Amino acid sequence: MKVNARLARGLVWALALVPLMFFLAGLAAHDFRSVSSVLNMLGRLTGALGLALLLLAAALSARVPGFDQPFGGLTKLWHTHHLLGAGALLLLMAHPLLLALASAAHGYQLPVKVLFPPLDDIATWSGWLALILMMIFLAPSFSFFGQPNYERWKRIHALAGPAVILALVHTFLFSRTMPANLDILIWSLFALLGVGAVAWRLVFSRRAGRLNYSISAVEAVANNVVELTLEPKRPDKHLQYQAGNFVYMTPLDKQLSAGCGEEHPYTLCSSPTETKLRIAIKDLGDASRAIQSVRPGTEVQVEGPYGRFFPVNGKPEQPELWVAGGIGITPFLARLRHFKALGQAANVHLIYAVQDEARALYADELRDLAQAITGAKLTFHYFYREGPISADFLLETCPDLSQRETYICGPLPLNKLVQDHLRGLGRPRYSIHTEEFELL
Ligand SMILES: Cc1cc2nc3c(=O)[nH]c(=O)nc-3n(C[C@H](O)[C@H](O)[C@H](O)COP(=O)(O)OP(=O)(O)OC[C@H]3O[C@@H](n4cnc5c(N)ncnc54)[C@H](O)[C@@H]3O)c2cc1C
């Protein structure tokens, strides 16, 4: 399965090389005649490759349910989207610099036409505007500027739409990245992918991609965690999903102090055999805090399912080690509830890491599930009493861990710590699967 995901990601990168191949095929001897012409050729090459990466990054942002599966889930898909975006930015920043150097090397005092184009030079200005917009919408994604406010980040990121359009206008007007009419053909195909994906995301997915549910129960699991039960408005239109999937939920209650109309990702903790959905939400910010006091009857929209944490059609006898931290228990809870609903035996050892007994979510239900499901084992790890999870603890608790695929879901430091221990114990990277509750 890992190989498939790598193959899918590799194909995206290979697609980015298509315009490059046509570009290279169109090169002639005069492109290498002087320093100036080589710089000019490199300038056009970085432009062509940068635009290809930008349009593919846009294409991957579509968020069509199911499309993330071959990539190993939405978080992995968006990792590729981020890499494509960062690559596009670097190449497109080099593009005008190389062209300016080419023009300087050609004998001009100053590369005036590139750096200070006349006002009516729409072709050059559209390129500059696209680049400036890219710098603005990509800046908050770099951790250098600190953790961005998610909703603000999203609003700024929407500038990607005009940036893509301007970059295409620039390319079509100059029309000098590939021989003859290939320019129009190749870029139109890439544009269709990128612009089509953005249009789906911003316009059509809201109508066609969302299901209507209403909240039928709100149950406090801890003082900062609620479990919502969602009932489909139309019984024939309910979500089909697997344990470990997540959805985007948009509450539509204007009386919420925050988050009305905002979509947020949450893992489903119900068994896929239930028609009702269950979602456990921890107060981690303004919207998730407001939802703690949401009223039954509130309408919500649900989009998904996304993610591929557990293997699709995984065999229950496959030995697995699960490590959960805090609210990261949700995908494991869904899987255990599913095993129980099916009356299926399992071969899992769940280590649930929490600060203390009081913070162990669903502790009683987890104990009941571990008892009810043949082959399910449960160990709690209490940070305040035992300190951080150590490699010795993992080995003592689960002596046969070298035979088990490991699934980790919890705060980033816990994810990393457990991965480091497992790698130190000789477990190969491909046997370790993680789910992150962070998408940026
Ligand atoms: C795949 C996935 C599964 C998740 N499952 C659960 C779950 O089962 N239970 C649970 O309590 N939490 C879950 N979360 C986390 C949950 O999405 C955030 O806590 C929530 O969106 C925070 O929103 P806020 O406005 O309250 O906080 P904010 O202060 O706005 O955000 C806190 C952090 O949450 C992230 N975040 C905020 N809004 C979004 C958004 N719309 N999309 C993506 N990330 C966002 C950002 O990284 C941000 O730094 C999951 C997150 C992801 C990515």
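What you see is a predicted model; the values in this text were computed from it and never measured. Atoms within a ligand are numbered from 1 in the order they appear, just like the ligands themselves. Quick note: numbers below take in every heavy atom, side chains included, and nothing from hydrogens, waters or symmetry partners.
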Practice item. May I ask whether I281 places a heavy atom under 4.0 Å from ligand 1? Key: yes
Check your understanding: What class does the angle between the rings of F339 and W322 fall in, given that below 30° is parallel, 30 to 60° is tilted and above 60° is perpendicular?
Key -> parallel
Review point. When only distance counts, is Y248 in polar contact with ligand 1, meaning an N/O pair under 3.5 Å?
Key: no
Review point. With backbone taken as N, CA, C and O and side chain as the heavy atoms from C-beta onward, which portion of D286 lies under 4.0 Å from ligand 1: side chain, backbone, both, or neither?
Key: both
Review point. Between W78 and H82, does the ring centre distance come in under 6.0 Å?
Key: no
Check your understanding: Sub-3.5 Å donor-acceptor pair from the side chain of R201 to the main-chain atoms of S61, do we have one?
Key -> yes
Exercise for review: Tell me which part of T330 gets within contact of ligand 1: side chain, backbone, both or neither, using heavy atoms under 4.0 Å.
Suggested key: side chain
**Study point:** E263/R210 ion pair, N-O < 4.0 Å
**Key:** yes
Review point. Looking only at distance, does Y266 have an N or O less than 3.5 Å from an N or O of ligand 1?
Key: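 Among all N and O atoms of Y266, none is under 3.5 Å from an N or O of ligand 1.
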Exercise for review: Examine R9 relative to F71 and say whether NZ or CZ is less than 6.0 Å from the centre of the six-membered ring and inside a 45° cone about the ring axis.
Suggested key: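 Checked: cation-pi criterion not met.
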Exercise for review: Below 4.0 angstrom from a heavy atom of S288, which ligand 1 atoms are there? Numbered from 1 as shown, please.
Suggested key: 24 (P), 26 (O)
Point to revise | Option with minimal heavy-atom separation from atom 37 (C) of ligand 1, where the choices are Y150, W78, F309, F437 | key: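 It is Y150 that holds the nearest heavy atom.
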Practice item. Would you verify whether the NZ or CZ of R63 falls within 45 degrees of the ring axis of Y248 while also being under 6.0 Å from that six-membered ring's centre? Key: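 Because its charged atom sits under 6.0 Å from the ring centre and within 45° of the axis, R63 does stack over Y248.
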Review point. Can you find an N/O atom of G285 closer than 3.5 Å to an N/O atom of ligand 1?
Key: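 N/O-N/O distance below 3.5 Å exists for this pair.
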Review point. Heavy atoms only: which of K282, R289, E435 is nearest to atom 11 (O) of ligand 1?
Key: K282
Check your understanding: Can you check whether H433 and F309 have ring centres sitting under 6.0 Å from each other?
Key ->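 Ring centroids of H433 and F309 are no less than 6.0 Å from each other.
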Review point. Can you find an N/O atom of E262 closer than 3.5 Å to an N/O atom of ligand 1?
Key: no
Point to revise | Distance filter under 4.0 Å to I327 heavy atoms, resulting ligand 1 atoms | key: 9 (N), 10 (C), 11 (O)
Check your understanding: With a 4.0 Å cut-off on heavy atoms, does K154 reach ligand 1?
Key -> no
Review point. Passes side-chain hydrogen bond (donor to acceptor under 3.5 Å, both in side chains), S390 versus H421? Steps please.
Key: CA-CA 7 Å; S390 64; H421 289 330; 5.9 Å; no
Check your understanding: Would you say A280 contacts ligand 1, with heavy atoms under 4.0 Å as the rule?
Key -> yes
